[in-house]
Amino acid sequence: MADLDFRAFDALTFDCYGTMIDWESGILAALRPVLEAHGASRDDEELLERFAHHEAALEAGPYLRYRQVLAGALRGIGTDLGFEPTAAEQEAFGGSVVDWPAFADSPAALAALEERFKLGVITNCDDDLFAASNAKLGVDFDHVITAQQAEGYKPRIENFEFAFARIDVPRERILHVAQSLFHDHVPAKALGLTTVWIDRRAGRAGGGATPPAAAVPDATFPDLARFAQAATA
């Protein structure tokens, strides 16, 4: 699990989607009606892996708003499976973030953590879409850094540098907490950050909605509840 001295940190920065918000459930719930309409059924893990491939490719290219990234990922999945999503389907999928649910443990864990730490978010999302997600989390983050503000997406290290310039805490006293090895732990470790992996997919094969990557976090917890319990003990 961990042997971290949490007293060494004044601020926690979080990834949002996959860590605090259950994006895999949200993605699948938004994809299923489109696939059914086009007769293109596939199993969940295949769909998530296809999503991961197309989302990461779009985020690595010229900057697009996240709504556009999602619409493009749906078009890519459609091409893979032999159908063309309608404009209305693309628009609906692009805005589906507002319906993605929070993990059940997220609000209480964050409420406990904000009693001890400053809380920040470094998220691959648009400002308005994250605001809808934030309403489900029930806390006021001290710092919110979005891809829209940074005009680019993790795993770019520029997103973290952009955050450091706005967070009034020395980076050695910031602990980054995230599910995605690809989007978060690889760049965070390259910058010398201490990181905690929230391994939401423990026991399931594959990377789900996240491309595969290799990184060595400093500690691992299966969910935010157990992380919060350790960090506030």
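With respect to the salt-bridge test (charged N to carboxylate O, under 4.0 angstrom), the residues R226 and D105 do not qualify. A salt bridge is defined here as a Lys NZ or Arg NE, NH1 or NH2 lying under 4.0 Å from an Asp or Glu carboxylate O, and E161 with R171 meets this definition. We find that R201 and E45 are joined by a salt bridge, their nearest charged nitrogen and carboxylate oxygen being less than 4.0 Å apart.
Using modelled atom types, no side-chain atom of S106 and backbone atom of A102 make a donor-acceptor pair closer than 3.5 Å. When atom types are taken as modelled, the side chain of D10 and the backbone of R173 share no donor-acceptor pair closer than 3.5 angstrom. Counting only distance, with no hydrogens or angles, the side chain of Q68 and the backbone of R65 share a donor-acceptor pair below 3.5 Å. A donor-acceptor pair under 3.5 Å is formed between the side chain of E89 and the backbone N or O of T86. In this structure, H185 contributes its side chain and A178 its backbone to a donor-acceptor pair below 3.5 Å.
Other residues, nucleotides and ligands contribute only 12 or fewer heavy atoms inside 6.0 Å of the CG atom of D140. Within a 6.0 Å sphere centred on CD of E91, other residues, nucleotides and ligands contribute 12 heavy atoms or fewer.
With a 4.5 Å cut-off on side-chain heavy atoms, N124 and E59 count as touching.
Residues F227 and W197 keep their aromatic ring centres 6.0 Å or farther apart. Taking the ring centroids of Y153 and Y63, they lie under the 6.0 Å cut-off.
Nearest heavy-atom pair, C16 versus T123, reported as atom, atom and distance to 0.1 Å: CB-OG1, 3.7 Å. L181 and A215 get closest at one heavy-atom pair: CD2-CB, 4.4 Å.
Hydrophobic clustering of Ile, Leu, Val, Met, Phe, Trp and Tyr side chains at less than 4.5 Å, counting indirect connections, unites L191 with I174. A continuous path of ILVMFWY side-chain contacts below 4.5 Å connects I198 to F130, so both sit in one hydrophobic cluster. Under the 4.5 Å side-chain contact rule for hydrophobic residues, L28 and M20 share a cluster. Hydrophobic cluster membership differs between L193 and F9, with clusters built from Ile, Leu, Val, Met, Phe, Trp and Tyr side chains linked at under 4.5 angstrom. A continuous path of Ile, Leu, Val, Met, Phe, Trp and Tyr side chains, each step under 4.5 Å between heavy atoms, connects L48 with L58, placing both in one hydrophobic cluster.
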T195 vs V216, side chain to side chain contact (heavy atoms under 4.5 Å, CB included): CA-CA, chis, key distance, verdict: CA-CA 9 Å; T195 69; V216 183; over 6 Å; no
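Checked by atom type, the side-chain pair T146/D127 shows a donor-acceptor distance below 3.5 Å. Under 3.5 Å, the side chains of H38 and E84 contain no donor-acceptor pair of N or O atoms. For the 3.5 Å distance criterion, the side chains of H176 and D184 qualify, holding a donor opposite an acceptor.
The side chain to side chain donor-acceptor pair (under 3.5 Å) test with K118 singles out one residue from D142, T13, D168, and that residue is D168.
Judged by the 6.0 Å distance and 45° axis criteria, R200 is positioned over the aromatic ring of F103. For R166 and F162, the positive end sits near the middle of the six-membered ring, less than 6.0 Å away and at most 45° from its axis.
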Tell me which donor-acceptor pairs under 3.5 Å the side chains of residues 72-83 have, and how far apart each pair is, sequence neighbours excluded?
unit_1	atom_1	unit_2	atom_2	d
R75	NH1	Q90	OE1	2.7
T79	OG1	R75	O	3.1
D80	OD2	R50	NH1	3.2
D80	OD2	H54	NE2	2.7

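Aromatic ring pairs are classed by plane angle as parallel below 30°, tilted from 30° to 60° and perpendicular above 60°; the pair Y17 and Y66 is parallel.
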